[in-house]
Protein chains: 4
Amino acid sequence: MTDDIARKLKAAAARLFTQHGYTATRVADIVANAGVAQGTFYLHFENKPSLFVALIDEFFAGLIEETIARHPAKRLQTGEQLSAEVEEIWMTIIRYGRKHDILTRLVLREGHALPPEQRAHINRHFEQGADALARYLEDAQQLGLVKNLPARLIAWVLVGMIERAMHYAVFVAPNAPSVSLAGHCTEFELLGLLEPSDARTGGES
Amino acid sequence: MTDDIARKLKAAAARLFTQHGYTATRVADIVANAGVAQGTFYLHFENKPSLFVALIDEFFAGLIEETIARHPAKRLQTGEQLSAEVEEIWMTIIRYGRKHDILTRLVLREGHALPPEQRAHINRHFEQGADALARYLEDAQQLGLVKNLPARLIAWVLVGMIERAMHYAVFVAPNAPSVSLAGHCTEFELLGLLEPSDARTGGES
Amino acid sequence: MTDDIARKLKAAAARLFTQHGYTATRVADIVANAGVAQGTFYLHFENKPSLFVALIDEFFAGLIEETIARHPAKRLQTGEQLSAEVEEIWMTIIRYGRKHDILTRLVLREGHALPPEQRAHINRHFEQGADALARYLEDAQQLGLVKNLPARLIAWVLVGMIERAMHYAVFVAPNAPSVSLAGHCTEFELLGLLEPSDARTGGES
Amino acid sequence: MTDDIARKLKAAAARLFTQHGYTATRVADIVANAGVAQGTFYLHFENKPSLFVALIDEFFAGLIEETIARHPAKRLQTGEQLSAEVEEIWMTIIRYGRKHDILTRLVLREGHALPPEQRAHINRHFEQGADALARYLEDAQQLGLVKNLPARLIAWVLVGMIERAMHYAVFVAPNAPSVSLAGHCTEFELLGLLEPSDARTGGES
DNA sequence: GATGAATGAGCTTTCATTCAT
DNA sequence: AATGAATGAAAGCTCATTCAT
């Protein structure tokens, strides 16, 4: 029962934050949408920002669990294995975003509309994501699978790619097949944009 | 005189928004920092969000002008020319971000802390940026310089790369040489991450 | 069992009211301190103010019983008897205050922090005290033991003396011997402050 | 104009605090009574308790100024002079209370219905009053005019007398002539209650 | 009798905006 | 144009009280 109320509050909040923005959403709106009394809110969450933080944490926990946590690079031996894994990760990300579209919109769009304290909390998630990506890259670099570009820079750039790729997959082209989106992202990430010309040995056929 | 006040207000606002966030910054703080009276604010800006929008517009106008506006792909003939141009664009972006670091932080971090109406305005800037990039890509594709990946997807992904690359260049590693950052971004963008090996038959089928 | 809970609630409330003030003490604090559930409170007291009133009533009942109720002036015949009795009353008051220091603090300091209705209830206690004192004085006046000052005025002034003497004895100088405090108060009350000099006809030598 | 508003707010607050109690009086009531907007309140006072404190301070400042500050005991030589001065002080106190009846009621009845922080502030006023009285007594004792009773105890008891004498003069018997009230209080304070009889050997040894 | 989750009215304070000077 | 005192709507949070179990 109790957990049920917390869930209803979170669902209502996610919807409203996404629709009208974090600031414009009043606690009164959330509880009205969840069908409970104003005071009940404070039985389940310390205050408004902490509910937001709970939502964000949920999103990142799920995303991390389904992606990077499952793919330690160590075992990879060939570029093909890497390619396959990267594509699988892209797939997972896109599907996760589409499955949790409201939370996704929340993280991508509302993440910054918070009091500084809570914002710092969210930034930590992004930093952890960047860290994980950097470690993944360094592993792959040591295996000779990936170029020696500075790992942290690339990690942050990848974070940006992921943010906007999710944005595209979820909101701009919600009907494009995940497989093809993941394929394109993978190709871009691993091989770049340049058309392989005669100057480049063979490239992809 | 009038312009001077508007400038002072904008400078103060940019500083304060960046430091404490858009919501936490009161008009009273802005005018105090600018050294004018409360009422004077409304002689120069319609209201608080519109000052924010003015700052954002300024940032994008400058960025667009210094980058894409100057680089119509049409004239390019070879991949090498494209590479040179892309690198130059990366350089410009990084330098622009570093030169206008406060506005950059503002756009990257505060862009969403606005009432829906003004937020839509900002999103339009991003969409315009994505459009411009998409057109640029399509031009390059028609010239056979760039692979036939879906231009809008790639454009959005590039937007994400740029956002986070600026973030990295301005805040994470503000002292890294622009040249090398631009070089790395260019290499990643055009050639991808995969180490070109003899085994390289394709990152993606 | 029931009485036990009521007692625990009263003890906890007295402690908390004294420490943090009536308004700042929440029913939640009281029940937590008493080790019972929130709802249990309302099985024993009608509401928060009525618990306060119960505490106050207890204090006054005890005080009245131990002092004035035992000392009808009628039987007195001489000034010496009166002096002895007055001193005994002062002793009793001081000891009572020191024995029930928490309740004393409560009455002296928190008595007014109540909704008007309950406050009136408390004022009635003070008025009854003043009435009892006035009657006592009038009796003593009729016996020719006490000057013909207006009894009600003096009664109120004595109430004030008692309040602050308790305050002094309990909080300002909790270790001063009751006997000497009672003696000083008695001397002041009966003989006043003025040093009996030759200028006074017949004073005490 | 500004001062005028502060004055109106203070007057309204004193009236309402006195009538309905500090806690029960909302800022909304105060501003409504003063005829200004809600926000205006916070232009003139930091918050609700600080307005209360301002009222209290005003009361004590005026009272101190008109009484003790004007009567250094040093110059007194005889008991008669002391009697005259004490009576004059009682007169002043009674008149002050009657002139500022609302503030008087406020101090006597609402002084404790405050958050602990502000309450401490008020207690300091009482302590200062007791200190001043104690010094006055000690001076008079050194001149041999007053008995050697412990000065601090007597000072506190006098504080109590004053509180209740004001209470009596202002609320219980507002029409009794000040002169006679002051006379009675003086006689009580200086000579005590005991009828000076031939039997008078002393209330206390 | 006892519980404690749920209630919802209530209140202080903030702050963008206005307008008489 | 510039001022800044005044405005008043808005919202987060508290807490005494209730009631189904």
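Keep in mind that this is a model prediction, so the values were computed, not measured. First the proteins, then the strands, lettered A, B, ... as listed; each starts at 1.
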> If each of D/P49 and B/T23 is mapped to the nucleotide of DNA chain E with the nearest heavy atom, which maps nearer the 5' terminus, i.e. the 5' end?
Replying inline: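 It is D/P49 whose nearest nucleotide is closer to the 5' end.
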> When you match D/T25 and B/V27 each to their closest nucleotide on DNA chain E, which lands nearer the 5' end?
Replying inline: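 The residue mapped nearer the 5' terminus is D/T25.
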> Which heavy atom in C/A6 sits nearest to a heavy atom in C/F45, and how many Å separate them?
Replying inline: O-CZ, 4.0 Å
> Above 12 or not: heavy atoms from other molecules or residues under 6.0 Å from CD of A/Q19?
Replying inline: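 For A/Q19, atom CD is crowded (more than 12 foreign heavy atoms under 6.0 Å).
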Sub-3.5 Å pairs of nitrogen or oxygen atoms, protein against nucleotides 7-9 of chain F:
| from | atom 1 | to | atom 2 | distance (Å) |
| --- | --- | --- | --- | --- |
| F/dT7 | OP2 | D/A37 | N | 3.1 |
| F/dT7 | OP2 | D/T40 | OG1 | 2.4 |
| F/dG8 | N7 | D/G39 | N | 2.9 |

In whole angstroms, how far is the [atom2] atom of [N] from the [atom1] atom of [X]?
| X | N | atom1 | atom2 | value |
| --- | --- | --- | --- | --- |
| A/L16 | F/dG12 | CG | P | 12 Å |
| C/F45 | F/dA16 | CZ | P | 15 Å |
| C/K48 | F/dT18 | NZ | P | 15 Å |
| A/I30 | E/dT7 | CD1 | C1' | 18 Å |
| C/D29 | F/dT14 | CG | C1' | 12 Å |
| B/E46 | E/dT18 | CD | P | 9 Å |
| C/R26 | E/dG4 | CZ | P | 17 Å |

>> Ring of C/Y22, cation from C/K48 - is the NZ or CZ under 6.0 Å from the centre and inside 45° of the axis?
In response: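 Here C/K48 passes the 6.0 Å and 45° test against C/Y22.
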>> Quick check for you: among F/dG12, F/dT17, E/dT13, whose closest atom lies nearest to any side-chain atom of A/Y42?
In response: F/dG12
>> Can you identify which nucleotide, out of E/dT18, F/dT17, F/dA2, has its nearest atom closest to the C/N47 side chain?
In response: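 Nearest to the side chain of C/N47 among the choices is F/dT17.
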>> Determine whether a donor-acceptor pair (N or O, by modelled atom type, separation under 3.5 Å) exists between the side chain of A/N33 and the backbone of A/I30.
In response: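 No; zero donor-acceptor contacts below 3.5 Å.
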>> Would the distance check show the side chain of B/T18 and the main-chain N or O of B/R105 forming a donor-acceptor pair, the cut-off being under 3.5 Å?
In response: no
>> I'd like to know whether B/F59 forms a side chain to side chain contact (heavy atoms under 4.5 Å, CB included) with B/I102, so could you lay out the CA-CA distance, the side-chain angles of the two residues, the decisive distance to 0.1 Å, and finally the verdict.
In response: CA-CA 10 Å; B/F59 175 85; B/I102 292 182; over 6 Å; no
> Does E/dG8 pair with anything, Watson-Crick or G-U wobble, both distances under 3.5 Å, and if so, with which nucleotide?
Replying inline: F/dC15
>> Is the ring pair B/F126/B/F60 parallel, tilted or perpendicular, if the boundaries are 30 and 60 degrees?
In response: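 Perpendicular: the ring planes of B/F126 and B/F60 meet at over 60°.
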> Are A/H44 and E/dA5 close enough that a side-chain N or O sits under 4.0 Å from OP1 or OP2?
Replying inline: no
